[in-house]
Amino acid sequence: MLEIRNLHARAGEHEILRGIDLTLKPGEVHAIMGPNGSGKSTLAQVLAGRETYAVTAGEARYLGRDLLEMKPEERSREGLFLAFQYPVEIPGVSNMYFLRAALNAARKQQGLEELDAADFLARVRDKIRLLGMEESLLQRSVNEGFSGGEKKRNEIFQMAVLEPKLAVLDETDSGLDIDALKVVAQGVNALRDPERGILLVTHYQRLLNYIVPDYVHVLSNGRIVRSGGKELALELEEKGYGWLETAAVA
Amino acid sequence: MSTETISQPARAEEIPAAAAARRYLERFAAPRAGAAAPAWLRARREQAMDRFAARGFPSQRQEGWRHTSLAPIVQTEFSFAEAAAPPAPALLRQLERLPLAGLGCPRAVLLNGRFAPEWSRLEGLPAGLRVTPLAHAWREVSAAEAHWARLATSERHGLIALNTALAEDGLLIEAAPDADLREPLLVIYASAASRPLAQFPRALVLAGRGARLALIELFVTLDGEGHFTDAATEIRLDENAEVDHYKIAHESLSALHFGAIEARLERDARYRTTSVLLGGRLTRNETGACLAGAGADSRLLGLYAAAGRQHMDNFTRLDHAHPHGSSREYYKGILDGESAGVFSGRIIVRPGAQRTDAIQSNKNLLLSESASLRAAEPQLEIYADDVRCTHGATVGQLDPEALFYLRTRGLEADAARRLLTYAFANEILTQIEIPRLRQALENELFARWTGTAAGAQANAPA
Ligand SMILES: Nc1ncnc2c1ncn2[C@@H]1O[C@H](COP(=O)(O)OP(=O)(O)OP(=O)(O)O)[C@@H](O)[C@H]1O
Ligand SMILES: [Mg+2]
């Protein structure tokens with residue numbers, strides 16, 4: 001459902017992605033690991049349509065379409081979801097309104113009726129519970145004053161409500177304690193489905209104990225330097241990223 | 001939000017005040033309708049007119065006026081409202097249709113600066129609240145003589161002098177000591193005329209010791225283009241009184257609006273005022289508060305949303321005269337099209353006003369390249385040493401991160417922009433403590449910026 005070929009992207013003069021190849025089929029979970037600054041978030045943001053990054057070469061196809069031609073909102077409505085590494089605070093817009101607007105945008109796309117506030121609440125209640133969130137978080141402004149953990153849960157909650165076809169999770173595990181991590185993993189696993197793809201960007205192997213990936217890729221300096229099965233994550237954990245960087249140069 | 005340097009604009013030519021003033025002098029000399037004014041009132045009016053004759057309109061050379069030219073006011077030949085004939089029913093229906101007029105609370109309506117009993121709903125006022133037309137109060141209520149035109153004085157500048165000299169009527173609003181009047185009183189200043197008209201409405205509010213009063217002042221245009229409103233509201237808060245005051249300026253886009261609010265707070269009094277500027281081609285909104293007793297607390301909130309060629313100027317003055325006073329100023333502006341916004345504030349901390357805590361903040365959102373904002377450096381006059389006084393002004397655009405975030409959740413770029421604009425304003429709206437007023441304004445602004453009437457749920461509980 002996602003095919004990335006030789007993708008290059010830069011921010012200003014700085015080339016960040018330097019030839020990424022990746023194919024993700026429905027039902028698969030791919031993990032992307034890599035050291036700080038290797039380009040993981042850039043890849044995630046480029047997939048979501050962030051205009052700060054200029055794609056200078058290569059292509060990305062999503063569900064058979066040219067992904068790079070689509071506006072961010074189109075990608076979203078076609079079922080692509082990005083959970084941000086740093087979710088954005090939006091003072092003055094309630095989480096509830098925000099989510100309902102998002103869900104209604106997707107529903108409109110699918111030719112479904114828009115939901116009013118009451119219907120919406122009824123539909124999202126059990127998802128709130130699944131993620132162990134306080135219902136009061138819905139009343140508050142989007143991410144404003146949320147703790148790090150609350151922000152991450154809020155991302156997963158949005159994902160659970162929007163039920164995307166392809167979810168890209170950018171370090172959703174970072175900054176979570178082990179209990180919160182389990183809750184988030186549970187939220188992601190609940191979404192696993194033969195029709196759905198998941199791209200997990202993470203810095204730590206720990207998450208992969210709870211969300212077991214089919215493939216692991218290591219990103220270093222804008223390239224995938226190694227791909228393998230879930231064992232690769234364990235190997236990385238043991239030997240550190242330094243091992244691969246030397247291996248890549250060799 | 002990013003901050004950028006604010007450039008200094010060129011000064012416009014000064015208008016010869018004497019020529020412009022003649023019309024008003026003639027008007028002043030003409031016989032007035034109604035019963036004869038008491039001597040004290042005549043004296044105060046004359047003094048005001050002398051003052052106006054001597055000084056004319058404020059010019060851009062004056063401190064605090066640099067960014068606002070009164071040329072559209074000075075250069076127009078306004079007519080004056082004659083004694084009220086009963087207003088036309090069609091106009092009343094129009095008034096009733098205004099979402100803000102139907103707040104369901106007691107209301108006093110002034111039409112072209114004169115009290116309109118047919119349109120007011122003052123039966124069954126709560127105990128402790130008295131509303132008297134000034135034309136009557138001037139003659140009959142001794143408090144009027146004691147307090148009228150004592151805060152918004154002619155000394156300030158020509159526009160206040162002109163109002164003082166030419167006000168034909170207005171309201172005296174009295175809240176008895178310890179009265180709980182949190183159910184708001186709505187005052188509507190409506191303008192309706194076939195020719196451009198000048199009106200000089202005036203209100204004097206006396207909140208007795210320990211009284212709590214909520215007051216909404218709404219300025220609207222029912223008919224006619226290009227009128228000039230020159231308004232003044234004086235509010236005295238006795239010890240420990242609390243007044244929650246709102247000014248909503250929603251006149252037509254060709255209206256010229258000047259309004260002065262002057263409050264005086266005795267010991268432990270709490271005054272909160274929120275200005276929402278939406279209409280008008282040229283608006284100058286002045287808000288002054290004098291903290292004249294220890295422990296007084298004053299909060300000035302403002303929201304100004306201009307588009308097209310609107311010009312909105314907010315000027316504030318906080319005068320801390322006693323220790324332990326605190327003042328907060330928070331003004332937000334949204335400027336679209338070729339509109340211009342101005343914010344300037346003066347903070348005075350007098351000798352002995354120790355432990356004063358004054359915070360001033362002004363944030364602006366520029367939605368177009370041609371919109372501009374002039375935020376003057378605050379004028380700080382601090383004559384006490386143990387004080388905290390902070391200020392800050394920002395001008396920025398919509399946060400691109402937030403825009404992108406919304407778009408990744410499926411919102412169209414344009415819808416995302418509008419939602420963020422509404423959200424920017426909403427920070428002020430959520431602080432409105434009268435639910436019906438808040439709702440009405442949220443609906444109004446939500447529709448303005450999102451183009452839907454789907455209800456202002458952007459930040460309302462579901
Ligand atoms: N908008 C930008 N402008 C300039 N440089 C950028 C921009 N965004 C990212 N970079 C740079 O590109 C490199 C990759 O950044 P990216 O955020 O993709 O890394 P990451 O792998 O997600 O790192 P982390 O593990 O810290 O989240 C870094 O050197 C970063 O400083
Ligand atoms: Mg990252």
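Protein chains get the first letters and strands the later ones, always in sequence-line order, with residue 1 at the start of each.
Proximity of the aromatic rings of Y97(A) and F446(B) is defined here by a centroid distance below 6.0 angstrom, and this criterion is met.
For A413(B), the parts lying under 4.5 angstrom from a heavy atom of chain A are both the backbone and the side chain. Of the atoms belonging to L420(B), it is side-chain heavy atoms, and not backbone ones, that fall under 4.5 Å from chain A. Residue E427(B): no heavy atom, backbone or side chain, is found under 4.5 Å from chain A.
For chain B, the option among A106(A), A102(A), A105(A), P87(A) with the highest count of heavy-atom pairs below 4.5 Å is A102(A).
Dense packing is recorded around CD of Q431(B), with more than 12 heavy atoms of other residues, nucleotides or ligands lying under 6.0 Å away. For R309(B), the CZ atom sits in a loose shell: 12 or fewer heavy atoms of surrounding residues, nucleotides or ligands are nearer than 6.0 Å. Atom CZ of R272(B) has more than 12 neighbouring heavy atoms from other residues, nucleotides or ligands inside a 6.0 Å radius.
Looking at every heavy atom in both residues, T408(B) comes nearest to A48(A) through CG2-CB, 4.2 Å.
In this structure, R409(B) pairs ionically with E155(A), as a charged nitrogen and a carboxylate oxygen lie closer than 4.0 Å. Between R407(B) and E74(A) there is no salt bridge, since no side-chain nitrogen of the basic residue lies less than 4.0 Å from a carboxylate oxygen of the acidic one.
With contacts defined as side-chain heavy-atom distances shorter than 4.5 Å, the pair R50(A)/E401(B) qualifies.
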Go through it in stages, so that I can follow the logic: the residues are L406(B) and V88(A), the test is side chain to side chain contact (heavy atoms under 4.5 Å, CB included), and I'd like the CA-CA distance, side-chain angles, deciding distance and then a yes or no.
CA-CA 9 Å; L406(B) 291 173; V88(A) 184; over 6 Å; no
Test E51(A) against F404(B) for side chain to side chain contact (heavy atoms under 4.5 Å, CB included), laying out the working first.
CA-CA 9 Å; E51(A) 283 148 2; F404(B) 178 62; over 6 Å; no
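Ring geometry for F98(A) versus Y405(B): interplanar angle under 30°, hence parallel rather than tilted (30 to 60°).
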